Structures are given as C-alpha cells and as structure tokens.
Amino acid sequence: MDLGIAGRTAIVCASSRGLGRACAFALAEAGCHVVVNGRDAAVVQATADEIKAKTGVKVMAVAADLATPEGQAALFKAAPEPDILVNNNAGPPPRDFRELTRQQMLDGVVANMVIAIELVQKAIGPMTAKKFGRIVNITSGSVKMPIGGLDLSSGARAGLTAFLCGVARQVAPNGITINFLLPGSFETDRLNHNMETVAKNQKITIEQAKAARVATVPAKRFGYPDEFGAACAFLCSAHAGYITGQNLLIDGGVFPGAF
C-alpha cells in the first residue's frame with residue numbers, strides 16, 4: 001500500500017533501538033525523511049546510516065536527551081517543521097510503589113508525560129500551518145491493564161493519554177491526528193533485559209522466564225518490532241486522517257476484553 005506520505009518529515013523519538021527504531025524504519029520505507037534520536041551518539045548514527053542505506057531517504061541523527069530544553073531544541077533544529085511526530089521514551093524500572101520517592105515520581109511523570117506534551121506543543125504550529133499532522137505516542141499496554149510494580153509508568157502514560165486525547169479533538173479541524181500505540185511484549189533488547197531480571201529474581205533460566213511470559217500471550221509468541229512499525233506507519237499515513245484520539249493495543253490478545 002502507498003501510504004501517501006513520501007516526502008514528509010518525521011521525528012521519531014528514542015528511535016536508535018527497539019520499537020522506536022522499527023517505527024523509523026517503517027516511515028523511511030514509506031518515503032519519509034526521518035530524524036533518528038537517542039542518547040548514545042554512536043548507536044544513533046549507526047541506526048541512521050543503516051536506515052539511509054536500506055531506504056535511500058534523508059535521515060538525520062540527533063543524539064540528545066529530550067528531557068532537556070537543549071535536547072528538544074536540537075531535535076527541532078534538525079526538523080523545524082515536522083509533518084509527523086512519534087513520541088517514545090523508556091519507562092522507569094519496576095519498583096514497589098511504597099519505595100518510590102517524590103523525586104522518582106516527578107522524574108517518571110516528566111519522562112513519560114511532560115516531555116511528549118512539550119514536543120507536541122512545538123510541533124503543532126507547523127502542522128497547523130500545513131493543515132496536516134500525524135502524532136503517534138508509544139505508551140504501553142499497562143495503560144489499559146495496569147501491572148503491579150509498573151505503577152509509575154502506567155500512571156504517567158495514562159495521564160499523557162488523557163491529556164492528549166483532549167488535545168486531539170481541538171486540533172482535528174486542522175488535519176492533525178493524535179493517536180496512541182500500546183505495545184505488549186515485543187522482541188526487543190528491553191524485553192530481554194526484563195527477562196534477565198525476572199530469571200535472576202526467580203532463580204530460573206532466561207529461557208524459562210521467556211517461556212512463562214509467552215504462555216500468557218494467546219498468540220503464543222512475542223511481537224515482532226516490524227509489526228509494530230507497520231502499525232505506526234499506517235497511523236501516520238494519508239489514509240488514517242479520520243482516526244484520532246484512539247488507543248491501538250498490540251499485545252497478541254493478552255488484554256481479555258472486547259473494548
């Protein structure tokens with residue numbers, strides 16, 4: 001399918017690895033110019049070079065911490081007038097809610113709510129002027145089905161969802177959509193790290209930890225990053241202009257409800 005976004009400019013946050021990387025690749029394959037971002041300059045550049053080599057599109061590498069004004073400025077210096085913004089950030093590590101300090105809670109809200117809102121604030125103007133914009137926020141399946149120990153991540157991402165769902169209705173008349181992708185368990189470095197932690201805590205092998213997690217997924221496998229990237233690219237496409245303020249759960253059937 002021609003997604004109708006060739007030549008558009010996309011900023012994809014935290015895209016040097018994992019699901020963000022898959023989204024950047026999918027948008028590049030659709031013909032978008034892409035800004036790749038992360039904190040590790042070498043990894044960011046390597047990802048940008050690989051995407052450019054495989055797709056032939058313009059790819060800009062921006063190594064920056066988006067929690068800082070300087071990092072956000074660097075991102076928008078590379079792409080002052082983005083057509084597409086994909087918000088993404090790693091969540092805080094699992095922790096019993098009783099152990100959370102005030103500062104840890106504030107940091108978690110900044111990382112998983114405030115930064116995305118600030119980036120939307122910066123992108124909305126150019127999108128409004130062009131009467132086209134696609135904003136996709138990568139949150140988590142725990143927004144819909146909270147998981148104990150991930151309370152800070154779930155709460156901050158749920159706050160982001162409620163905040164931007166209201167914004168979505170305000171900007172819809174200008175051809176701008178705002179949607180959310182809620183991943184379950186995907187084959188990424190982050191999942192592997194989490195499985196290592198589970199294995200260590202439960203004194204089992206990593207293979208056993210993964211098998212136990214897969215057993216909870218009706219699809220009986222972990223998701224593939226490419227599948228996630230394709231879903232992101234579609235929500236950014238010219239064909240998705242009538243979809244806004246929605247949460248797309250991609251979890252292999254883990255969530256047990258119909259709505």
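Bear in mind the structure is a predicted one, so any value in this text is a computation, not a measurement.
The nearest pair of heavy atoms linking P92 to N112 is CD-OD1, 3.1 Å. For the pair F76 and P82, the tightest heavy-atom approach, listed with the atom from each and the gap, is CE2-CG, 3.8 Å.
For K130, the side-chain contact (heavy atoms from CB on, under 4.5 Å) partners are E81, D83, not counting sequence neighbours. Shown here are the side-chain hydrogen bond (donor to acceptor under 3.5 Å, both in side chains) partners of N192, two or more places apart in sequence or in another chain: K210.
For the pair R213 and F222, the cation-pi test (distance below 6.0 Å, angle within 45°) is failed.
The same ILVMFWY cluster, assembled from side-chain heavy atoms under 4.5 Å apart, contains both I176 and F163. Hydrophobic clustering (side-chain heavy atoms under 4.5 Å, transitive across Ile, Leu, Val, Met, Phe, Trp, Tyr) groups L164 together with V110. Taking hydrophobic clusters as Ile, Leu, Val, Met, Phe, Trp and Tyr residues chained together by side-chain heavy-atom distances below 4.5 Å, I11 shares a cluster with V62. Both M113 and V167 are part of a single hydrophobic cluster, where members link through side-chain heavy atoms under 4.5 Å apart.
Ring pair Y224/F186: centre-to-centre distance not below 6.0 Å.
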Are H33 and L27 close enough, and set up right, to give a side-chain contact (heavy atoms from CB on, under 4.5 Å), and what steps lead you there?
-> CA-CA 8 Å; H33 307 306; L27 289 167; over 6 Å; no
Full working for side-chain contact (heavy atoms from CB on, under 4.5 Å) between F180 and L182 | CA-CA 6 Å; F180 307 83; L182 286 60; 3.9 Å; yes
Kindly indicate, with the supporting measurements, whether the criterion side-chain contact (heavy atoms from CB on, under 4.5 Å) is fulfilled by T139 and L160.
-> CA-CA 9 Å; T139 57; L160 174 67; 4.3 Å; yes
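With rounding to the nearest 0.5 Å, the separation of CZ in R134 from CG in L3 is 11.0 Å.
The aromatic rings of F234 and H239 sit parallel to each other, their planes meeting at less than 30°, with 60° as the upper class boundary.
E227 has a carboxylate O that lies under 4.0 Å from a charged side-chain N of R221, or vice versa, which qualifies the two as a salt bridge. Salt bridge status for E50 with K54: present, with a side-chain N to carboxylate O gap under 4.0 Å.
In this structure, the side chain of Q246 does not engage the main chain of I243 through any donor-acceptor pair within 3.5 Å. Looking only at distances, no side-chain donor or acceptor of D49 sits under 3.5 Å from a matching main-chain atom of T47. At least one donor-acceptor pair closer than 3.5 Å links the side chain of N137 to the backbone N or O of N179. At distances below 3.5 Å, at least one donor-acceptor pair connects side-chain atoms of T244 with backbone N or O atoms of I178. S142 contributes no side-chain N or O that, together with a main-chain N or O of M145, makes up a donor-acceptor pair within less than 3.5 Å. Q208 contributes a side-chain N or O that, together with a main-chain N or O of T205, makes up a donor-acceptor pair within less than 3.5 Å.
Between L66 and N37 there is a side-chain heavy-atom pair separated by less than 4.5 Å. Between I84 and T9 there is no side-chain heavy-atom pair separated by less than 4.5 Å. Put simply, the side chain of T188 reaches to within 4.5 Å of the side chain of P225, judged on heavy atoms.
Annotation: K220, atom NZ; neighbour count of heavy atoms from other residues, nucleotides and ligands within 6.0 Å is above 12.
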